[in-house]
Structure formats: C-alpha cells, structure tokens
Amino acid sequence: MQYWLMKSEPDAFSIDDLARVEIEPWDGVRNYQARNMLRDQMQIGDQVFFYHSNCEIPGIVGIAEIATTGYPDDTAQNPDAKYYDPKSTAENPRWYRVDVKFVRKLKRTISLNELKANPTLTEIPLVRKGNRLSVMPVAAQHWHDILALE
DNA sequence: GCCAACGTTGGC
DNA sequence: GCCAACGTTGGC
C-alpha cells in the first residue's frame with residue numbers, strides 16, 4: 001500500500017464536492033510524471049491526501065483512497081473537453097486517470113505553511129520550491145507525521 | 001494580478 | 001539534440 005497527495009483547486013473540485021459524489025474520476029492530468037504514477041503505480045486502497053491549491057489557505061483538507069487502477073482518460077479525446085489532446089487516441093491513449101473515493105475530511109486544514117514549518121517534513125516534494133506536480137508520492141513515515149498534526 | 005519555476009514545443 | 005519562446009501552475 002502506498003500513500004499519495006493529490007492537488008485540486010477547491011473552486012473547481014473541493015473535498016466537499018468529493019464528499020458529496022463519493023467517487024470521482026481524477027481526469028485532466030496532463031503531465032507525464034503524474035501520468036506515470038496514475039497509470040503504473042497506484043493500487044486500489046492506496047491512501048491519498050486531498051490538497052487544496054490556489055486558494056486562501058492552501059493545505060491538506062481530507063483523505064481519499066484509490067478506487068481503481070489507472071485507465072485511459074478519454075476526456076483527452078473529447079474536443080469539447082478542457083484538456084483535449086488531439087494526440088491521444090483510443091487505440092493509443094496518452095493520458096490516464098484513476099477513480100478516487102472519499103474517505104473523510106480532516107478535522108482541520110493542515111496548511112502548507114504548517115507543513116513547511118515542520119522540521120520533519122522538509123523532504124516532502126510538496127514543500128520544495130517550484131514543485132508543481134498535481135500528484136505526488138508521500139512516504140509512509142511522512143503520512144503518519146502529517147496525520148499526527150491533525 | 002504578479003511572477004518564479006517548471007514543462008513542452010518546435011525551429012534549427 | 002539544443003535552446004528560446006511560450007504556456008501553466010500555484011504561492012503570495
């Protein structure tokens with residue numbers, strides 16, 4: 001079992017949205033590094049920190065879990081979709097997604113500021129300068145360290 | 001809204 | 001294969 005962190009802009013899709021729909025296909029990822037994790041590494045039952053980005057208080061707001069392994073993101077083949085990619089075809093899909101299932105909200109937001117300030121967490125990709133990946137792995141130890149802050 | 005830090009694209 | 005130009009992310 002592995003741990004992950006996935007970013008979402010709450011204006012577009014928040015933890016409350018996930019709580020309401022229960023399961024959501026995590027589509028629209030158009031970055032190869034993130035794609036490889038979705039396609040090759042995620043397993044059903046993996047635990048996910050749900051992170052709010054681009055908002056007043058960026059931070060971890062909830063927990064989700066991976067509900068499917070990676071499968072083709074066919075929104076890439078829809079010309080009307082926001083993340084349409086004409087180079088992705090049904091025969092040779094370029095982009096993948098997984099389904100993500102709501103587990104629970106955290107009792108409070110563990111803010112990015114707080115994560116940055118924590119000396120045991122200086123290694124996590126999230127707090128490193130300039131890291132814009134929307135999906136990233138979290139080491140088991142860091143998962144527990146972060147949850148202990150809740 | 002600004003802008004630093006990236007990733008991608010495409011000319012050469 | 002290099003690299004400048006461009007687009008995007010996301011904190012602030």
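Chain letters run A, B, ... following the sequence lines, proteins first, then strands; residues in each count from 1.
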Starting at atom [atom1] of [X], determine the distance to atom [atom2] of [N], rounded to an integer number of angstrom.
X: Ile57(A); N: dG11(C); atom1: CD1; atom2: P; answer: 12 Å
X: Lys116(A); N: dG11(C); atom1: NZ; atom2: P; answer: 8 Å
X: Tyr51(A); N: dT9(C); atom1: OH; atom2: C1'; answer: 11 Å
X: Asn31(A); N: dT8(B); atom1: CG; atom2: P; answer: 6 Å
X: Arg132(A); N: dG10(C); atom1: CZ; atom2: P; answer: 8 Å

| request: Apply salt bridge (charged side-chain N to carboxylate O under 4.0 Å, His left out) to Arg97(A) and Asp74(A), showing your working. | output: CA-CA 9 Å; Arg97(A) 63 184 159 184; Asp74(A) 62 16; 3.1 Å; yes
| said: Whether the Asp46(A) and Gln2(A) side chains hold a donor-acceptor pair (N or O, under 3.5 Å, no angle test) is what I'd like checked. | reply: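 Their side chains do not contain a donor-acceptor pair, so the 3.5 Å distance test is not met.
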| field | Phosphate OP1/OP2 of dT9(C) contacted by Lys7(A) side-chain N/O (<4.0 Å) | value |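 Indeed not, no polar side-chain atom of Lys7(A) lies that close.
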| message | Counting only side-chain nitrogens and oxygens, does Tyr32(A) get under 4.0 Å of the OP1 or OP2 atom of dC6(B)? | response |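 No, because none of the side-chain N or O atoms of Tyr32(A) sits under 4.0 Å from OP1 or OP2 of dC6(B).
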| task | Taking only the side-chain heavy atoms of Gln33(A) (C-beta and beyond), determine which of dG10(C), dG7(B), dC12(C) contains the nearest atom. | result |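 When the side chain of Gln33(A) is considered, dG7(B) is the closest of dG10(C), dG7(B), dC12(C).
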| request: Looking only at side-chain atoms of Asn113(A), point me to the closest of dG11(C), dC12(C), dT9(B). | output: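 For Asn113(A), the side-chain atoms sit closest to dC12(C).
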| said: Could you go through Asp73(A) and Arg35(A), starting from their C-alpha distance and side-chain angles, then the distance that decides it, and tell me whether this counts as salt bridge (charged side-chain N to carboxylate O under 4.0 Å, His left out)? | reply: CA-CA 10 Å; Asp73(A) 178 0; Arg35(A) 187 279 310 268; over 6 Å; no
| task | Give a yes or no on whether a salt bridge exists between Asp85(A) and Arg30(A), defined as a side-chain N under 4.0 angstrom from a carboxylate O. | result |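 A salt bridge is absent here (no side-chain N lies under 4.0 Å from a carboxylate O).
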